[in-house]
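Encoded as structure tokens, the structure appears first; notes follow it.
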Amino acid sequence: MQNMEDFRVMWPTEAVMGSSSLIALHGKPYERVRKVVGTVANDPNALRRIVLRVQPRVVAGLESWAEKGRVLVRHEVREMVFENIGRLFVSLDPGPLLEEMKGLFAGIMKGVRVNPINIPGTTFYRALQCKKRLDEIFYSEMERKNQAKKTESDYDLMDGLMNIQDGDGGKFSDEEVIDNTVALVFAGFESTATASMWAVYYLAKYPDVLKKLREENMALREKKKGVPITFDDISSLKYTNKAVEETLRLANVSAFVFRTVTRDIEYKGYTFPKGWKVMLWLRYFQTNPEYFDDPLTFNPDRWDEPAKPWIYQVFGGGPRTCAGNMLARIQIAILIHHLSIGYKWELVNPDAGVVYLPHPRPSDHLAVKFSRL
């Protein structure tokens, strides 16, 4: 029988994220860090604060899209999401520092899946330099936080990592706080921005789905009478949440995960020698007709029944499930809510091709004509 350590999670360039990040750890050290990070990222009070914090930027962003009339959604939504990520993780408002951080994370993104050749001029070298500069920025932010007097309602996710205790009563080291803040921002930004872009695309392609979303969210708007929606409101939007899951199924940012065989394995007549690299293609499961009827059709109602165990792994599975999965889901649901109650849009190039690296996107960056209802 195999266990998780027989096929160990392994990214080609874990050094880019830091040796103390969830991505790089295994066994007991991983369990300790995963529990702490998961508690901070999924704390109900934190999620309630997150819902209120991200809405103003979403509302302002969509209003600016309508004023422009024609936008490249990929660019616009990445700007919107990163500004919210900066606010949620380190309480940074838009400005030169946040703009620099966006460029640094872009450098890290390019270096995650490259050959780890650490010499000047290589993508990997550049990614390590980006990580070094991010460490400097976050250490400075930690010093500022240690000197500031804050109430729990003011906490961002870095505050949570700095203050929460593990099961033995200990706290994260500075390195653990920094590495896991970097990893969470990286994962939260890419997954949320990519899925949000594709949500706009699929709702333009499937007007019947958008009609149902409008009905559900308009009803909530009438009930709220101009008051921002809450975490509990999002939980009540059944069809909207199904649309979020369907978007994630088709627009999963993690197309595959890497594994390294830690001992000789015999499995169903195949031999996996120790040291071999194995790549698990997650999109195969999520678009396989054996598991999903008409899998390439955007159909939120398929989520009336849950997916089969271990088939739907857009955030991984088991103990290595992404700790920020609820954060991504919430942000996509908020975007869908405000899109459906206030705006209409159409694709400029409905037959545009798809560019697949580093993550799938329409070749025209999702150009749309956008206006108020």
Side-chain angles (χ1 to χ4, degrees), residues 4-5 8-43 45-47 49-50 85-92 97-98 101 104-105 107-109 111-112 116 127-148 150 152 154-191 254 257-258 315-316 318-328:
M4 290 192 64
E5 287 301 303
R8 175 173 286 187
V9 172
M10 187 70 68
W11 286 84
T13 52
E14 291 178 351
V16 174
M17 290 296 172
S19 59
S20 298
S21 72
L22 279 171
I23 291 174
L25 296 176
H26 304 279
K28 293 294 183 181
Y30 171 83
E31 292 175 9
R32 169 182 171 268
V33 172
R34 175 63 175 79
K35 183 176 182 180
V36 171
V37 173
T39 299
V40 170
N42 296 309
D43 174 70
N45 290 328
L47 293 174
R49 291 194 297 270
I50 285 168
I85 289 289
R87 184 174 292 116
L88 295 176
F89 280 85
V90 283
S91 297
L92 287 177
L97 184 58
L98 194 63
M101 286 174 55
L104 294 171
F105 275 103
I108 286 180
M109 176 70 247
V112 168
L128 291 178
Q129 296 305 303
C130 289
K131 174 61 164 63
K132 182 179 179 181
R133 174 58 183 147
L134 281 171
D135 287 350
E136 294 173 354
I137 292 173
F138 285 145
Y139 273 119
S140 177
E141 289 301 310
M142 287 181 66
E143 292 179 2
R144 179 181 62 81
K145 289 174 178 296
N146 284 327
Q147 297 172 4
K150 301 177 72 173
E152 185 177 351
D154 297 323
Y155 273 18
D156 54 41
L157 292 178
M158 181 183 270
D159 288 310
L161 292 178
M162 291 170 61
N163 289 283
I164 194 171
Q165 294 183 340
D166 61 24
D168 297 323
K171 290 187 176 181
F172 268 10
S173 66
D174 288 352
E175 181 181 5
E176 287 175 319
V177 172
I178 298 298
D179 283 353
N180 285 288
T181 300
V182 170
L184 283 170
V185 171
F186 175 82
F189 173 48
E190 287 296 333
S191 61
S254 296
V257 292
F258 297 96
F315 292 106
R320 296 201 78 97
T321 300
C322 175
N325 67 86
M326 285 303 300
L327 176 60

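Remember, it's a predicted structure, so these values are computed and weren't measured experimentally.
Closest heavy-atom contact between Ala127 and Gly111: CB-CA, 3.7 Å. Nearest approach of Cys130 to Gly107, heavy atoms of both residues: SG-CA, 3.8 Å.
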CA sep, side-chain torsions, deciding dist, call: Glu31, Arg34, side chain to side chain contact (heavy atoms under 4.5 Å, CB included): CA-CA 5 Å; Glu31 292 175 9; Arg34 175 63 175 79; 5.8 Å; no
Val33 vs Phe172, side chain to side chain contact (heavy atoms under 4.5 Å, CB included): CA-CA, chis, key distance, verdict: CA-CA 8 Å; Val33 172; Phe172 268 10; 3.9 Å; yes
Working for side chain to side chain contact (heavy atoms under 4.5 Å, CB included), residues Met162 and Asn146: CA-CA 9 Å; Met162 291 170 61; Asn146 284 327; 3.2 Å; yes
Audit row: Met17, Ile108, side chain to side chain contact (heavy atoms under 4.5 Å, CB included) steps and yes/no: CA-CA 8 Å; Met17 290 296 172; Ile108 286 180; 4.0 Å; yes
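Between Ile50 atom CD1 and Arg87 atom CZ the span is 12.5 Å, to the nearest 0.5 Å. Note that OG1 of Thr181 and CD1 of Ile178 are 6.0 Å apart. Values are rounded to the nearest 0.5 Å. With rounding to the nearest 0.5 Å, the separation of CZ in Arg144 from CZ in Phe138 is 11.5 Å. Once rounded to the nearest 0.5 Å, the distance linking CG of Leu157 with CG of Asn180 reads 12.0 Å. Taking CG of Asp156 as the reference point, atom CG of Leu161 lies at 9.0 Å (rounded to 0.5 Å). Note: Glu141 CD to Met101 CE = 8.0 Å, rounded to the nearest 0.5 Å.
The closest side-chain heavy-atom distance from Phe89 to Leu327 is below 4.5 Å. Inter-residue side-chain proximity for Lys131 and Asp179 is flagged as met; some heavy-atom pair is nearer than 4.5 Å. Taking the side chain as every heavy atom from C-beta outward, Val185 and Val90 never approach each other to under 4.5 Å. Residues Val37 and Leu184 meet the side-chain proximity criterion, which asks for heavy atoms closer than 4.5 Å.
Taking a 6.0 Å sphere around NZ of Lys145, one finds it holds more than 12 heavy atoms contributed by other residues, nucleotides or ligands.
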